[in-house]
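Sequence positions, counted from 1, serve as the residue numbers for this chain.
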Amino acid sequence: MTASVDRFRASVSADMPRVREELAALVAFRSVADDASVAGDNRDAADWVRRALVDAGIPDVDLHETSDGSLAVIGRRPAREGAPTVLLYSHYDVQPAGPESAWASDPFTLTERDGRWYGRGAADCRGNLVMHLAALRAVGESPVGVVVVCEGSEETGTGGLEHLVAERPDLVAADAVVIADAGNVAVGEPTVTTSLRGMAIVRVDVETLGGAVHSGMYGGPAPDALVALIGMLATLHDDAGNTTIDEVDASGTWSGADYPEDRFRADAGVLDGVGLAGDGSIADRLWARPSVTVMGMDCPPVVGSAAAVVPRASARLGLRVPPGADADAVRDALIAHLRARVPWSARITVAEEAVGQPFAARTDGPAYAALTESLQEVYGREVAVAGQGGSIPLCTALQEALPDAEIVLMGVEEPLCRIHAPNESVDPSEIENLAVAEALFLERVVRASDRG
């Protein structure tokens, strides 16, 4: 282990009590970007991030209102002459907590259990944000330039920051980009993410009757909107569970790290005796192929339901699109597929809510090499290369705005974190190790840029 690793390790280790306090302060903000009732928390969280960045040595930090109304926090510390600039990304907004009864502790109070820190956003993505802060404090004064971008509406997919990047690429100008919104394949196993599936969200509304009618008097010939919708949705998968959208390839394969089935079953919480959907390896299905998820449905609830034919039903669908495919084209194919399978000439309306393109990273540049070397030295083991089934639309926006920059992904969000779910948590050792690795990377990227 080099002297730099020892120095950064000592700095970050001593800083971890402060890191915990910072994460607790962030978790307390109920900053769900699309919830108007917590607008104050959204602004307060952005203000907190701005102050924290200034305190961590980023002198020029501003709040930028974006097209979706969210606030992006962007700060810059100029590079010394001849040194590269690195952009560090995270986001401060979070997913809704969902039913608080499903949590073992208050979702907006950071709580420690069995060595892990629990709370909404503890991993996604506030754990990554405090990791950046710890790394910046460990590095201190440095030749490398730093741009920090912290988004306020990543979880909604409404594109505010992407629009800002397209309009003002000068705000994010950098030679290399570290997207801290990913994670290791397991705790203690260093991982870089090189691909992301794109995404699209559509809402489907089906109507068949002017209103509900008695199922005894009219059931049979009366077209049931819920039955129609269920039938349409059932055509999106074959009997094995593979995604089946007309004109969309679902046979991709993944050539990087494997994802063992037993680990996936444990990570995803698959119940004993329940099979997995689809064919091929887990990595193929998760990182190299499209998928469709029924995110929600509007229909009569079981409790209080009546003996009636349902006149209207709706579903919100989440589509994931692998690298190499165009998210707009796959979304359009999904819509065409559904329209072609509407029974009884039912009325169907489809609303396109969000779209983000897939992403594939360059892996042949000096920044990528410097980061993987740093991770390997800090963790003491070989770095895995993984994909991610989720989407980060900003990656594609940055690729377009900064065509010569290298973009790499890492982060604290290993599978046990259960991001987006009740009882989200983070392993503090991941924050510590990644902060040390990022500090080492910021030191080494100057030399790597010279070699490149």
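Judged purely by distance below 3.5 Å, without hydrogens or angles, the side chains of Glu443 and Ser4 pair a donor atom with an acceptor atom. For the 3.5 Å distance criterion, the side chains of Tyr259 and Asp267 qualify, holding a donor opposite an acceptor. Between the side chains of Arg418 and Ser425, no donor-acceptor pair of N or O atoms lies under 3.5 Å. With hydrogens and angles left out, the side-chain atoms of Asp124 and His420 include a donor and acceptor closer than 3.5 Å. Between the side chains of Gln388 and Asp181, no donor N or O sits under 3.5 Å from an acceptor N or O. Side chains of Ser314 and Asp205: a donor on one and an acceptor on the other come within 3.5 Å. Checking Asn42 against Arg30 by side-chain atom types alone, no donor-acceptor pair falls below 3.5 Å. Donor-acceptor pairing under 3.5 Å is lacking for the side chains of Tyr118 and Glu112. In the model, Glu151 has no side-chain atom that pairs as donor or acceptor with a side-chain atom of His91 under 3.5 Å.
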Original post:
Can you check salt bridge (Lys or Arg N to Asp or Glu O under 4.0 Å) on Arg77 and Glu141, steps first, answer last?
Top reply: CA-CA 10 Å; Arg77 184 176 71 195; Glu141 292 294 327; 5.7 Å; no

Original post:
Can you check side-chain hydrogen bond (donor to acceptor under 3.5 Å, both in side chains) on Arg289 and Ser251, steps first, answer last?
Top reply: CA-CA 7 Å; Arg289 296 178 183 176; Ser251 62; over 6 Å; no

Original post:
How far apart are the C-alpha atoms of Leu236 and Val294, what are their side-chain angles, what is the distance that settles it, and do they pass the side-chain contact (heavy atoms from CB on, under 4.5 Å) test?
Top reply: CA-CA 10 Å; Leu236 295 174; Val294 181; over 6 Å; no

**OP:** For Arg168 and Asp170, run salt bridge (Lys or Arg N to Asp or Glu O under 4.0 Å): C-alpha distance rounded to whole Å, both residues' side-chain angles, the deciding distance at 0.1 Å, then the answer.
**Re:** CA-CA 5 Å; Arg168 294 283 310 277; Asp170 57 295; 2.8 Å; yes

**OP:** Evaluate the salt bridge (Lys or Arg N to Asp or Glu O under 4.0 Å) criterion for residues Glu261 and Arg285: first the C-alpha distance (whole Å), next the side-chain angles of each, then the deciding distance (0.1 Å), finally the verdict.
**Re:** CA-CA 11 Å; Glu261 182 173 331; Arg285 285 174 270 176; 5.1 Å; no

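Nearest heavy-atom pair across Val204 and Met232 is CG1-CE, 4.2 Å. In terms of heavy-atom proximity, Trp48 sits nearest to Ala25 at NE1-CB, 3.7 Å. Between Ala325 and Val330 the shortest heavy-atom distance is CB-CG2, 4.1 Å. When all heavy atoms are compared, the tightest approach of Ala83 to Pro143 is CB-O, 3.3 Å. Closest non-hydrogen pair, Ala333 versus Val248, comes out as CB-CG2, 3.6 Å.
Val146 has its side chain out of reach of Thr85: every pair of non-hydrogen atoms, C-beta onward, lies at least 4.5 Å apart. When side chains are defined from C-beta on, Leu71 counts as touching Tyr92, because their heavy atoms get closer than 4.5 Å. Residues Val38 and Asp35 meet the side-chain proximity criterion, which asks for heavy atoms closer than 4.5 Å. For the pair Met410 and Val178, the minimum side-chain heavy-atom distance is below 4.5 Å. Side chains of Pro190 and Arg381 form a contact here, defined as non-hydrogen atoms less than 4.5 Å apart. Inter-residue side-chain proximity for Ile431 and Asn128 is flagged as unmet; no heavy-atom pair is nearer than 4.5 Å. Looking only at side-chain heavy atoms (C-beta outward), Val149 and Val172 come within less than 4.5 Å of each other. Here the side chains of Glu22 and Leu110 are not in contact, with every heavy-atom distance at 4.5 Å or above.
Around CZ of Arg265, the count of heavy atoms belonging to other residues, nucleotides or ligands within 6.0 Å exceeds 12. The 12-atom threshold is not exceeded at CD of Glu382, counting heavy atoms of other residues, nucleotides or ligands nearer than 6.0 Å. Heavy-atom neighbours of Arg7 CZ from other residues, nucleotides or ligands within 6.0 Å: above the threshold of 12.
Under a 3.5 Å cut-off, the side chain of Asn433 and the backbone N or O of Ser429 do form a donor-acceptor pair. A distance-only check finds a donor-acceptor pair linking the side chain of Glu424 to the backbone of Gly121 [under 3.5 Å]. Arg76 contributes no side-chain N or O that, together with a main-chain N or O of Gly145, makes up a donor-acceptor pair within less than 3.5 Å. A donor-acceptor contact shorter than 3.5 Å is absent between the side chain of Arg316 and the backbone of Glu353. Counting only distance, with no hydrogens or angles, the side chain of Thr109 and the backbone of Asp106 share no donor-acceptor pair below 3.5 Å. Remark: the backbone N or O of Glu154 is not paired with any side-chain donor or acceptor of Thr156 at under 3.5 angstrom. Side chain of Asp246 to backbone of Ala336: no donor-acceptor contact under 3.5 angstrom is found. Looking only at distances, a side-chain donor or acceptor of Thr244 sits under 3.5 Å from a matching main-chain atom of His237.
Seen from the ring of Tyr368, Arg362 does not count as a face-on cation partner, given the 6.0 Å and 45° thresholds. The cationic group of Arg20 lies under 6.0 Å from the six-membered ring centre of Trp117 and within 45° of the ring axis, placing it in a cation-pi geometry.
By the ring-ring contact (aromatic ring centres under 6.0 Å, His included) test, Phe108 pairs with no residue at all, sequence neighbours left out.
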Taking distance alone, no hydrogens or angles, what donor-acceptor pairs closer than 3.5 Å link side-chain atoms of residues 49-68 to residues at least two apart or in another chain?
from	atom 1	to	atom 2	distance (Å)
Asp55	OD2	Arg18	NH2	2.1
Thr66	OG1	Asp68	OD1	2.7
Thr66	OG1	Ser70	O	3.2
Thr66	OG1	Ser70	OG	2.9
Ser67	OG	His163	ND1	2.5
Asp68	OD1	Ser70	N	2.9
Asp68	OD1	Ser70	OG	2.6
Asp68	OD2	Ser153	OG	2.7
Asp68	OD2	Thr158	OG1	2.6
Asp68	OD2	Gly160	N	3.1

